[in-house]
Enquirer: 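I'd like to ask you about the structure that follows.
As a basis for the values below, the full set of heavy atoms in this structure was taken, side chains included, without hydrogen atoms, waters or symmetry mates. A note on names: the letters A, B, ... follow the listed sequences, proteins ahead of strands, and every chain is numbered from 1.
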Number of protein chains: 2
Amino acid sequence: MTLTELRYIVALAQEGNFSRAAEFCSVSQPTLSVAIARLEDEFGVQLFERGKGFVSPSAVGHKVVEQAKRALGEAEKVRQVAMLGRDQLEGPLRLGVIHTIGPYLLPQLIHSLKVVAPAMPLAIEENMTATLADMLHDNEVDVVIIALPFDVPGVLTRAIYDESFKVVVPRGHPWESREWIAPEDVAGDEVLLLKAGNCFRDQVLGACPQVSSPETDVRLGHSIGTIRCMVASGLGVSVLPDSALGHPYSNDMISVIPFKEPAPARRVALAWRPGFVRPKAIEALLDAVRGLRSPAYRLLV
Amino acid sequence: MTLTELRYIVALAQEGNFSRAAEFCSVSQPTLSVAIARLEDEFGVQLFERGKGFVSPSAVGHKVVEQAKRALGEAEKVRQVAMLGRDQLEGPLRLGVIHTIGPYLLPQLIHSLKVVAPAMPLAIEENMTATLADMLHDNEVDVVIIALPFDVPGVLTRAIYDESFKVVVPRGHPWESREWIAPEDVAGDEVLLLKAGNCFRDQVLGACPQVSSPETDVRLGHSIGTIRCMVASGLGVSVLPDSALGHPYSNDMISVIPFKEPAPARRVALAWRPGFVRPKAIEALLDAVRGLRSPAYRLLV
DNA sequence: TCTTACTATAGGGAATAGCTATAGTCGCTA
DNA sequence: TAGCGACTATAGCTATTCCCTATAGTAAGA
């Protein structure tokens, strides 16, 4: 049984005549004749009654033809479903992003993406780097935005921008009047950090080796927002990425002081599986990155 | 697009691996590989993402596969409708049956069925009720034998027999000399049960409310056979269906004691889709049930 | 670096679906 | 009843398709 044979029996039932049915199917009459006979032989049932001057479906044949129409309809839908999916920029893209990037980058990125891929909404998964690596590998997200290094075997990465770190102190802090601060100056235990697992925490510890890894929970924040509040309330100072400090996140309880050049920074990248079937979606994301306007992002694309 | 190609993509989605999918379809791996590529080319869409160690449908591919399943199902119905015009008692019947019935009922049932429908072999799928419900719905089996209640929308059921529960104790157990046992007597944590998911477990818990739902794995068996062995080894007592206790399953390590009348029982039924094209096959099954001779089955047909 | 597991490609052979030509069948008409 | 017209079935051939084996390519793990 083939789809072609099903088309033949439907046509024959419709035309009531081998020759016309053959013409309808754009094949020769013997072709159709043989195909019908073959199908009847396969089923072991006579589907059509050949009378004088007419061909009409048998009782079984009638039911078979009706069912064949349904089957052909469903088969045609397969093609339609496939055709609908041809545009790689249509349909949701599953994007993973780390906590210290998502809330600051995504509002702008989504805005920018709407221009280049208006029919591609983002399904966003915010999590930590290690979890996102697993999700990428397990095909639970399509693309992730993380800070380098991101050494996951079998994954492609592309750096999209660099972002400086800045020192954040409460209003009235002795450092407030300084023009810059050297990484070595950031030291001791009044430095507030993210909890373990956040890659940004490790980057700060790498950039400022004098910072002691804290023992108490008091100095650890769950998110950059929390850290900001803790700084504002006078608990200590901290180091935060540039993008987390811009409008509308500024307030007048904290002061932001740049590092001495070359300032510590992190490199942010896209990552995806090499076999990902929508490369144009990646390109669209890169285009959207190119559309970013904030000076916090030193674009690499 | 051909039906064969649709079968290939369904198999590939199911197996997640070209080689296994090819084996499943009884073709060589290159054949399947080429066919998939051809179909993707025809549709102009990548249906599968080839990664290292995995092959998974793309977003489009997933939808296409789902639709392909429907199309294949309808196409298969064409064949079934055609077969309906032949002898409905010819050709394999796909029968699903739960674990706690299959091994005990089927040997007799098949024997009995050979008389009324010698040309209708059974393709047997043994599984748990919930899985069988899905398989029935998805047209992966034609008929199932389960214990009531079986409330699946769009499915017809017909009770075929009742079957009592009996208490099983190891030789030497204090209950061995009793003529009967009340359901309330079966209590505490020395009662061995099937693991969760088996409907018979829930029926026992319903019939004997004093049985505590066990916390440890020690008291849980994978099958009735396992439970019998655990009872025989002295781990505890249990409640089993009558049919699982007859010859040739008896041994002299356990004793079987009936419940006090009215003994707890389960009602076993056939279930099938209302549109199933071989109603005579159902009738033949019922006839086969009527031919059962074991006293464990209190026939309802 | 070698091995292993997997997918893609190449090339050839068998099956098949299509074609044209023609035979067979039935009813009608001369 | 012979011939004709309208139709379907059969025969014989060809081009295509389908599937096979063998092998190359590739990435990950030992």
Enquirer: Figure out the CD/C1' separation between B:E23 and C:dC6, and round it to whole Å.
Expert: 14 Å
Enquirer: Are the side chains of A:R267 and A:L300 in touch, meaning some heavy atoms are under 4.5 Å apart?
Expert: yes
Enquirer: What integer distance in Å separates A:L32:CG from D:dA9:P?
Expert: 10 Å
Enquirer: Looking at A:S33, does any N or O in its side chain come under 4.0 Å of the phosphate oxygens OP1/OP2 on D:dT8?
Expert: no
Enquirer: Calculate the interatomic distance between A:Q29 atom CD and C:dT22 atom P; express it in whole Å.
Expert: 15 Å
Enquirer: Rounding to a whole Å, what distance do you find between A:L3:CG and C:dA17:P?
Expert: 13 Å
Enquirer: Counting distance only, does the side-chain N/O of A:Q67 pair as donor-acceptor with the main-chain N or O of B:E74 below 3.5 Å?
Expert: yes
Enquirer: Is the shortest side-chain heavy-atom distance between A:L136 and A:R273 below 4.5 Å?
Expert: yes
Enquirer: B:F18 has a side chain; which of C:dC19, C:dA8, D:dC18 sits nearest to it?
Expert: C:dA8
Enquirer: Any side-chain N or O of A:S19 below 4.0 angstrom from OP1/OP2 of D:dC7?
Expert: no
Enquirer: D:dC18, OP1 or OP2 - any side-chain N/O from B:R38 closer than 4.0 Å?
Expert: yes
Enquirer: Can you check the A:M1 CE to C:dT16 C1' distance for me, whole Å?
Expert: 17 Å
Enquirer: Between P on D:dC18 and CD on B:E42, what's the gap in Å once rounded to a whole number?
Expert: 10 Å
Enquirer: Looking only at heavy atoms, which two atoms of A:K195 and A:H222 are closest? And how far apart?
Expert: CE-CE1, 3.5 Å
Enquirer: Can you tell me the distance, in whole Å, between the CD atom of B:E5 and the P atom of D:dT17?
Expert: 11 Å
Enquirer: Side chains of B:W272 and B:V141: closer than 4.5 Å at any heavy-atom pair?
Expert: no
Enquirer: Answer yes or no: does a side-chain N or O of A:S28 lie under 4.0 Å from OP1 or OP2 of C:dC19?
Expert: yes
Enquirer: Between P on C:dA17 and CG on A:L39, what's the gap in Å once rounded to a whole number?
Expert: 11 Å
Enquirer: Quick one: is B:N17 getting a side-chain N or O under 4.0 Å of the C:dA5 phosphate, OP1 or OP2?
Expert: no
Enquirer: Using a cut-off of strictly less than 4.0 Å, decide whether B:Y8 has a side-chain nitrogen or oxygen near OP1 or OP2 of D:dC19.
Expert: yes
